[in-house]
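Since this is a predicted model, take the numbers as computed values, not measurements.
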Amino acid sequence: MSLLQTSSTLSYEDDLFKKIKLKHYRTIHRTYEVDVQNNLVNFNEEQLSKIDIDHTELLTPDIDELQRQENALLQYIQSPKINDNKNISFINNHRKLFNLCDVCNDKATGMHYGLATCEGCKGFFKRTVQNKRKYRCNKNGSCIIDKSHRNRCQYCRFRKCLIKGMVIGAVRYDRTPGGRTPANVMQLYKYKNEKNQQMNKISNDKFNELFDLNLFYCFDQLLILDILFNHLRPLINHEILLTHESIKNICYLLIDTFINWYYTLPIYSIINIDLKQFIFNDQWFNYIILLIFYFLKINYNHINLISYTKCLQRLFNYTENKFLSSLSYRIFNQFFYFLSTFFNINITNTEFILLSILLILCSNQTNKINFNLFENIYKILYTYEMNTFLSEQPDRFNRLLYFSEQIQFITQILLTNQHFHLPFLLFPN
DNA sequence: GTAGCCTTGACG
DNA sequence: CGTCAAGGCTAC
């Protein structure tokens, strides 16, 4: 590729990167995204060397800030528009109905700060608010909170307390024991309880509507993953020489395995689309990227084990030490950052497989039949999410969709700039 | 730091 | 005076 061609693609790439950055901006990890954006704007060696140790930081917001948000909510629900007291007997209606803690499923001992909770979660919430404590999540902010895991991640426990509707304003500043909870706090209890019931109703309706789709993801996930991973194993320790040709062969094996497996699915007998038509579709590369990322995540689990410097060296080797354009450099950095964000999403086998099919079907020339399949897989994913990670919704589902959008952007960038080899340079020695 | 048990005080 | 939901105490 000549220099002229490279520079002509720059403005196009800039647009794509701007799009990606804009999308980053809109996600939950705001602070981290801003840092990355700065890295992109202002590359220097020091920043580059930090890339593979950067991690998404999930930190509890200031209790004072949360309190302000709660006050704003209170003002809103006190406005005449929505302030009808038709359900004033909420406490009486729901008394004695609780027996499990809404946060961790341990035995609930009563209503505490607006929620049926155990003594443990009650005390935890009180200590957190009284001492204005801040917690950090070392994973992706979606740790399981139940009786046996509740002390493993304070960030996620507190987050769950808030999501489920515990009210910060119910913790007393003056620490006076006894007495009655103020009327405004009671209003918040009532409001949050109603919202939760509405949310549960919506989830249940959706779930019932889609329940029969559950049948479709009863497949042998471990077997297909094992076969796919076997095709990638030679890349560890670089047992095979990476060339244009060998990469093509690996891609072919991965695609072929996936298609053959797809034909065995129950869903194929209902919507029998020939996936082979998608081989000539660039969207296949989405799946290859996702698969390689998933392989690395399962086998290495930590982004630090995939050395930025070594991958960069391999990029030099692959291109036979030819001049690396600033564009290649930036694509590489963006790609590496993207991998690190993937490591923070602990996706499950089912999520991986459903996302793979969705990504393959993301064609621009979508016809009616494959849109049908797309919609069905989308519903299955939704059902699975509601079924398996109800307490993390809608965050988790949105994050997955956002991530698959990002993969499509990256695919577009890699293919238009002939950087399809990049994902294959990530395997550690 | 956690959580089980205890004390407190408004309310019906 | 019993009930409920706040805070307090303390062994672990």
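Ring planes of Tyr287(A) and Trp284(A): perpendicular class, angle over 60° (limits at 30 and 60°). Using bins of under 30°, 30° to 60° and over 60° for the plane-to-plane angle, the ring pair Phe397(A)/Tyr382(A) lands in the perpendicular bin.
When the nucleotides dA5(C), dT2(B), dA6(C) are ranked by their closest atom to the side chain of Met111(A), dA5(C) comes out on top.
The distance between atom NZ of Lys132(A) and atom P of dG1(B), rounded to the nearest whole Å, is 17 Å. Rounding to whole angstrom units, NE2 of residue His112(A) and P of dG8(C) are separated by 16 Å.
Residues satisfying the ring pair (Phe, Tyr, Trp, His ring centres under 6.0 Å) criterion with Phe293(A), sequence neighbours excluded, are Phe335(A), Phe338(A), Phe342(A). When the ring pair (Phe, Tyr, Trp, His ring centres under 6.0 Å) test is applied to His421(A), the partners found at least two apart in sequence or on another chain are Tyr318(A), His419(A).
Nearest heavy atoms, Arg314(A) versus Leu426(A): NH1-C, 4.0 Å.
Rounding to the nearest 0.5 Å gives a distance of 12.5 Å between NE2 of His149(A) and CG of Asn105(A). For the atom pair NZ (Lys134(A)) and OG1 (Thr128(A)), the distance works out to 13.0 Å, reported to the nearest 0.5 Å.
Using a 4.5 Å cut-off on side-chain heavy atoms (C-beta onward), Thr411(A) and Ile288(A) make no contact.
A donor-acceptor contact closer than 3.5 angstrom links the side chains of Arg233(A) and Asn230(A). A donor-acceptor pair shorter than 3.5 Å cannot be found between the side chains of Asn138(A) and Tyr155(A).
DNA chain C lies under 4.0 Å from at least one heavy atom of each of the following residues of residues 168-175 of chain A: Ala170(A), Val171(A), Arg172(A), Arg175(A).
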Could you pull out all donor-acceptor pairs under 3.5 Å where a side-chain atom in residues 115-126 of chain A meets a protein atom, sequence neighbours excluded?
residue   : atom : partner   : partner atom : Å
Glu119(A) : OE1  : Lys122(A) : NZ           : 3.4
Glu119(A) : OE2  : Thr109(A) : OG1          : 2.9

Report summary line: Per-nucleotide protein contact along nucleotides 7-12 of chain B, 5' to 3', at a 4.0 Å heavy-atom cut-off (B base, S sugar-phosphate only, - neither), is -BBBS-
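The phosphate of dA6(C) has OP1 or OP2 within less than 4.0 Å of a side-chain N or O from Thr181(A). Regarding contacts with the backbone of dC4(C), every side-chain N or O of Tyr189(A) stays at 4.0 angstrom or more from both OP1 and OP2. Listed pair Asn131(A) / dG1(B) fails the phosphate criterion, with no side-chain N or O lying under 4.0 Å from OP1 or OP2.
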Close N or O pairs between protein and nucleotides 4-6 of chain B (under 3.5 Å):
residue : atom : partner   : partner atom : Å
dC5(B)  : N4   : Glu119(A) : OE1          : 2.6

